[in-house]
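Scroll down for the structure; my scribbles are underneath it.
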Amino acid sequence: MRQKSAAHILTINSGSTSIKVALYQMGQDEMRLFSGSLEKIGEGDGRFQIHNSNGERLFSRRLPLPDHQAHRSLPRKAYLFALPHTYEREGVRRYGFHGLSCEYILQELEKEAGSQASKGRLVIAHLGGGASMTAVLNGQSVDTTMGLTPLGGLIMGTRCGDLDPGVLLYLMRLREQSVDALDLLLNRQSGLLGVSGISADMKELLGQEGQEPRAADAVSLFCYQAKKFLAALSAALGGLDTLIFTGGIGENAAAVRQRICHDMAFMGIQLDPLRNQSNEPVISPADSPVTVRIMKTDEDLMIARHTFNLLVQRESGLGAGVPPD
């Protein structure tokens, strides 16, 4: 087999409230040389930062960032909407998002815990500014909380998550809100920010929930919804072997993880309080029926890996098409 030669690949990862860029050296070894990010897009307090390969900050500047221009295995029963079938032919169906994150987590889980773990019944909770939960069986996603767009599912930083469609009809008929106004409301003014009236940042809300009832409401709603989706996805899998928390909130907010898993022992989900508070890789007790993990995701590296593999295929004369799922 032809040896992979070295290459430098620049990745651009556009998210709901951020744009991340990274320069990788790919080949026998994978190395992130530089990384940069535009954070808090649409929140009026943006920041541009650049870090070197050691994570040391080389540059940081506050910037006004008012806006930015924003893999499939779900079974049919999981992606259909209950609409006339003609809409499906036009592409109106559930797709799900955070696929790069889930793919990276599965690859790293197999390295850390072996194929038995990565091929088991998993729920991957990607909790951040954008939030979703994905049910994975035999290494393939079988259900997810997001839908046609990232608006569906969990409450997020500024997105409302699942919403009774009747609310939209009410707003359009009685308040005469336009499509653009609804787009702004649902994508930029709702979620943690809308409920709290304070911030879309979970860390900030956790710090204020003792004094601000609306901050407490936002945190409580987020954790309650995540708990319900966790149970629903576990049912779709026929049980649960591993729960993985990732994303900015999932990786760092011990209090959120504790609240989501609280009173879930009937499903085999238990947390070790000390391990959870210390953000250890495995935060469940050794004898827990369900293994609960914290894993750092890296969507940018997955972009670089896919790009590098395509370059290798092209150079090897294997074609430049997208690799099969």
Side-chain angles (χ1 to χ4, degrees), residues 14-18 40-46 64-70 74 77-98 127-133 143-202 204-206 208-209 211-233 249 256 259:
S14 177
S16 59
T17 59
S18 67
K40 294 190 174 182
I41 295 173
E43 297 179 29
D45 185 27
L65 301 172
D67 196 6
H68 70 290
Q69 296 297 320
L74 298 183
K77 63 185 178 183
Y79 69 68
L80 281 178
F81 285 129
L83 294 171
H85 66 90
T86 54
Y87 290 94
E88 182 199 352
R89 294 206 300 265
E90 296 172 8
V92 180
R93 48 157 286 180
R94 297 177 65 238
Y95 293 95
F97 296 82
H98 290 134
L127 309 180
S132 73
M133 301 176 78
D143 209 340
T144 181
T145 56
M146 284 183 169
L148 172 70
T149 74
L151 261 179
L154 278 166
I155 174 179
M156 307 174 212
T158 62
R159 295 186 183 127
C160 62
D162 279 356
L163 188 69
D164 175 1
V167 174
L168 305 182
L169 297 176
Y170 170 83
L171 294 175
M172 293 174 71
R173 287 173 174 165
L174 299 186
R175 299 187 61 175
E176 298 184 347
Q177 288 194 254
S178 67
V179 172
D180 288 342
L182 288 175
D183 190 345
L184 180 64
L185 170 66
L186 302 180
N187 279 293
R188 294 295 176 191
Q189 298 174 342
S190 300
L192 295 176
L193 175 63
V195 175
S196 70
I198 298 170
S199 174
D201 189 311
M202 177 62 79
E204 186 173 348
L205 296 177
L206 286 170
Q208 296 194 39
E209 63 174 336
Q211 300 79 38
E212 296 288 345
R214 290 173 62 187
D217 283 343
V219 175
S220 177
L221 180 58
F222 183 92
C223 296
Y224 178 67
Q225 284 196 1
K227 182 191 291 282
K228 290 205 301 181
F229 278 120
L230 172 57
L233 294 176
I249 297 172
V256 171
R259 295 184 203 189

Output the distance between atom [atom1] ([X]) and atom [atom2] ([Y]), rounded to the nearest 0.5 Å.
X	Y	atom1	atom2	answer
Leu171	Arg173	CG	CZ	11.5 Å
Phe81	Glu88	CZ	CD	11.0 Å
Gln177	Leu168	CD	CG	9.5 Å
Glu209	Arg214	CD	CZ	15.0 Å
Arg188	Arg159	CZ	CZ	7.0 Å
Met202	Ile249	CE	CD1	4.5 Å

For the pair [X] (side chain) and [Y] (backbone), establish whether a donor and an acceptor sit closer than 3.5 Å, ignoring hydrogens and angles.
X	Y	answer
Asp162	Gly152	no
Ser196	Leu192	yes
Ser132	Thr145	no
Gln225	Ile155	yes

Inset, instruction - Report yes if the side chains of Leu184 and Gln189 come closer than 4.5 Å at any heavy-atom pair, otherwise no. - result: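 Answer yes - side chains close enough.
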
Legend entry - Any side-chain heavy-atom pair of Leu127 and Phe222 under 4.5 Å: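 Side-chain contact under 4.5 Å: yes.
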
Inset, instruction - Could you point out which residue of Glu212, Gln208, Glu204 forms a side chain to side chain contact (heavy atoms under 4.5 Å, CB included) with Ser199? - result: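 By the side chain to side chain contact (heavy atoms under 4.5 Å, CB included) criterion, Ser199 pairs with just one of Glu212, Gln208, Glu204: Glu204.
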
Inset, instruction - For a side chain to side chain contact (heavy atoms under 4.5 Å, CB included) with Cys160, tell me which candidate from Leu185, Val167, Leu186, Leu154 qualifies. - result: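 Looking at Leu185, Val167, Leu186, Leu154, the match for Cys160 under the side chain to side chain contact (heavy atoms under 4.5 Å, CB included) is Leu186.
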
If every non-hydrogen atom of [X] is compared with every non-hydrogen atom of [Y], which pair is closest and at what distance?
X	Y	value
Thr158	Asn187	OG1-O, 2.7 Å
Lys227	Arg259	NZ-O, 3.4 Å
Ile198	Ala215	CD1-CB, 4.0 Å

Inset, instruction - Start with the C-alpha distance between Leu206 and Val256, add both sets of side-chain angles, then the distance that settles side chain to side chain contact (heavy atoms under 4.5 Å, CB included), and finish with yes or no. - result: CA-CA 9 Å; Leu206 286 170; Val256 171; 4.2 Å; yes

Legend entry - CD (Glu176) with more than 12 external heavy atoms under 6.0 Å: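 Atom CD in Glu176 is not crowded, with 12 or fewer foreign heavy atoms closer than 6.0 Å.
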
